[in-house]
Amino acid sequence: MIKTVQTTPYDDQKMGTAGLRRKSKIVMQPHYVENFMQSIFNTIGDLKGKTFLVGGDGRFYNDVAIQKIIKMAAANGVSKLIIGQNGFISTPAGSHVILKHKADGGFVLSASHNPGGENGDFGIKYANETGGQAPSAITDKIYQNTKNIKEYKICDVPDIDLSKLGKQELCGMEIEIIDPVSDYVNMMQEIFDFNAIKKLFANGFTMRFDAMNAVTGPYAQRIFEEILGAKKGSVVNAAPLPDFGGLHPDPNLVYAKDLVDLMFSDKAPDFGAANDGDGDRNMILGKKFFVTPSDSLAILTDNYKYIPAYKDGIYGVAKSAATSTAVGRVAKAHNIGYYEVPTGWKYFVNLMDSKRITICGEESFGTGASHIREKDGIWAVLFWLSIIAATGKSVEEITIEHWKKYGRSYYMRFDFEGISTETADKLMADLEAKLPSLNGKEINGFTVEKAAPFVYQDPVDGSSTKNGLVISFKDGSRIVYRLSGTGSSGATLRVYLEKYETEKLLEKPQGMLEDILKAAMDIAEITPRTGKQHADVIT
Ligand code: G1P
Ligand code: ZN
């Protein structure tokens with residue numbers, strides 16, 4: 001029953017910020033998934049006795065890829081697969097399953113917040129036994145393997161039925177199909193005070209949660225509507241669809257437009273939130289009010305005492321370098337550890353495992369904590385609801401009080417998309433070469449304090465990672481430049497801007513960041529090099 005199939009390498013199977021992410025049509029090429037999976041199995045080595053999780057966000061091609069992975073795992077000697085019913089699992093729930101079952105790793109089929117469908121994107125994220133995505137040392141080895149692959153192993157058997165809960169067997173491998181929602185719900189109940197949130201809803205509190213036709217719909221309906229008592233219909237776009245109903249499942253002001261329109265209208269409920277395709281990103285809104293992810297991270301950290309799981313104290317907090325420095329001020333006030341890491345959740349894993357941090361987050365709508373090793377969209381929503389329930393204050397009041405206490409980091413991200421890889425690489429290389437000459441200079445009214453690449457020294461494994469270029473100014477403002485590592489074609493230049501204010505707290509970010517944006521465009525010569533006068537997406 002085990003077949004060995006001859007194959008030839010693809011040269012583009014390098015994993016980025018979060019796994020392998022490509023256009024669906026590229027992944028659908030013959031042997032593409034098989035080559036990649038065999039390279040992972042080859043890199044792991046002996047698979048006897050090993051257990052892995054498999055699931056996905058339900059996007060187009062999930063069903064086909066899952067069957068391939070199952071048959072290949074069996075042929076390669078994996079002992080057991082745990083699979084989400086009908087092939088569904090959110091990224092945070094997947095991380096939890098790996099930890100709970102002490103599995104050796106897992107495969108979540110998702111291109112996260114990227115659009116799905118035949119003309120959209122597909123992806124495979126590989127987590128190891130930490131429950132977090134495999135570190136670069138391993139993904140580099142896998143990439144080397146993909147470049148030399150000659151054959152793969154697969155069991156020649158019919159597809160298995162993924163709808164049936166319970167155990168079955170395939171080619172000598174055990175398969176356990178689990179309800180992807182219930183374990184996750186139990187974990188949330190252990191972290192948060194569900195009764196407090198129930199009371200909030202019982203007293204007439206209203207919310208809308210937009211699942212963007214992606215994986216979190218069933219989780220959100222179960223938690224917010226069925227258990228916590230939010231009004232029926234509070235969760236919208238709740239049925240996961242293979243093409244996300246044409247939505248771009250990225251919870252931000254641009255792509256979660258319906259939710260944003262509602263929240264900024266007179267019909268707004270008290271609270272609004274959205275999650276992305278695979279459930280690890282979140283956006284938080286109040287009535288006519290948007291909380292930046294950087295502020296959200298700072299506010300959650302500052303209010304940890306309201307959460308039963310954290311009330312006795314938290315270890316520390318971490319953010320990606322591109323995220324605003326707001327949480328740094330909270331860490332200082334609470335006298336807890338504070339770390340800055342490269343972009344990508346995998347860099348938080350060692351800090352969590354070594355108990356250096358409890359909470360962490362990124363500007364890209366990701367917040368989470370050490371209950372798992374991925375960011376967690378629904379966790380962030382429950383955290384906000386808990387703070388609202390405990391303080392009786394609105395999202396806006398909570399945020400403005402935070403700014404009054406700590407000052408405000410006005411913050412925005414500007415993305416220049418669809419640049420040729422060559423142009424983008426040259427822009428970054430030339431800019432890096434120019435950084436030393438900027439030190440001490442005045443640019444557009446800003447005096448440069450330090451201009452240097454961001455280099456991270458992991459305190460646990462000693463590895464060193466360079467990610468992005470940072471220009472810090474004397475007044476606490478910053479520009480961070482980096483290239484996206486999650487695109488499926490071409491390059492995206494991300495420019496992150498931050499300005500710290502203690503007096504003017506209620507201005508529009510665009511206005512506050514106008515001067516620094518001009519400086520950022522000039523320093524990197526963005527318009528002359530890319531032909532773009534403006535960013536394509538601003539978040
Ligand atoms: C983007 C975000 C990053 C996040 C990643 C996966 O990566 O910027 O914070 O961890 O998606 O969700 P990028 O495209 O910038 O490499
Ligand atoms: Zn995601």
Side-chain angles (χ1 to χ4, degrees), residues 14-21 55-59 89-95 108-116 121-125 127 132-133 136 139 211-212 214-216 219 240 244 248-252 255-256 274-283 292-294 296-297 318-324 340-349 360-368 372-380 411-419 424 428 454 465-468 480-496 536-537 539:
K14 190 174 167 57
M15 287 188 245
T17 312
L20 181 72
R21 206 169 283 184
D57 63 6
R59 71 178 60 220
I89 197 121
S90 74
T91 289
S95 180
V108 173
L109 310 184
S110 169
S112 187
H113 50 284
N114 293 13
D121 289 353
F122 191 78
I124 303 178
K125 298 206 259 190
Q133 288 166 53
S136 316
T139 58
M212 303 192 86
V215 81
T216 48
Y219 295 84
F244 307 125
H248 186 149
D250 198 358
N252 60 36
Y255 296 124
N275 273 192
D276 75 331
D278 61 332
D280 54 1
R281 293 186 173 200
N282 74 89
M283 173 169 66
T292 68
S294 295
S296 179
L297 172 63
K319 70 167 192 78
S320 64
T323 303
S324 98
E340 260 194 307
V341 305
T343 291
W345 207 260
K346 59 188 170 199
Y347 297 102
F348 295 127
V349 171
C360 47
E362 297 187 284
E363 54 65 42
S364 54
F365 297 82
T367 14
I372 52 167
R373 297 294 178 272
E374 290 278 4
K375 52 194 176 241
D376 191 342
I378 288 183
W379 170 90
Y411 181 91
M412 288 175 86
R413 180 175 110 183
F414 297 78
D415 290 340
F416 299 84
E417 297 182 335
I419 307 174
M428 289 298 282
F454 175 74
T465 308
K466 186 164 97 177
N467 190 267
V480 179
Y481 301 90
R482 56 179 288 282
L483 296 182
S484 160
T486 56
S488 54
S489 58
T492 294
L493 170 67
R494 303 205 196 283
V495 181
Y496 311 80
D536 299 285
V537 177
T539 48

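Heavy atoms only: backbone and side chains are in, while hydrogens, waters and symmetry mates are out. Fair warning: this is a prediction, and the values are worked out from it, not measured in the lab. Counting starts at 1 for both ligands and their atoms, following the listed order.
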Below 3.5 Å, N or O to N or O, backbone or side chain included: is there any such pair between Gly485 and ligand 1? yes
Nitrogen or oxygen atoms of Arg21 and ligand 1 under 3.5 Å apart: no
Pro115 and Arg59, any side-chain heavy atoms less than 4.5 Å apart: no
Which of the numbered atoms in ligand 1 are below 4.0 angstrom from a heavy atom of Thr343? 3 (C), 8 (O), 9 (O)
Can you tell me which residue and heavy atom of the protein come closest to atom 10 (O) of ligand 1, and the distance to 0.1 Å? Glu362 OE1, 2.7 Å
I need the nearest protein heavy-atom contact for atom 6 (C) of ligand 1: residue, atom name and distance, please. Lys375 NZ, 3.5 Å
The Zn ion (ligand 2) - closest N/O/S atom in Asp278: OD1
Could you identify the N, O or S atom of Asp276 positioned closest to the Zn ion (ligand 2)? OD2
Sub-4.0 Å heavy-atom contact, Arg413 with ligand 1: yes
Contact between Gly366 and ligand 1, counting heavy atoms under 4.0 Å? no
Could you list which atoms of ligand 1 come closer than 4.0 Å to a heavy atom of Arg494? 8 (O), 13 (P), 14 (O), 15 (O)
What's the shortest distance from atom 2 (C) of ligand 1 to any protein heavy atom, and which residue and atom give it? Ser364 OG, 3.5 Å
May I ask you to decide whether Lys375 forms a salt bridge with Glu362, counting only side-chain N to carboxylate O separations under 4.0 Å? yes
N, O or S atom of Ser110 closer to the Zn ion (ligand 2) than 2.8 Å: no
To make sure I understand the geometry: which N, O or S atom in Asp280 is closest to the Zn ion (ligand 2)? OD1
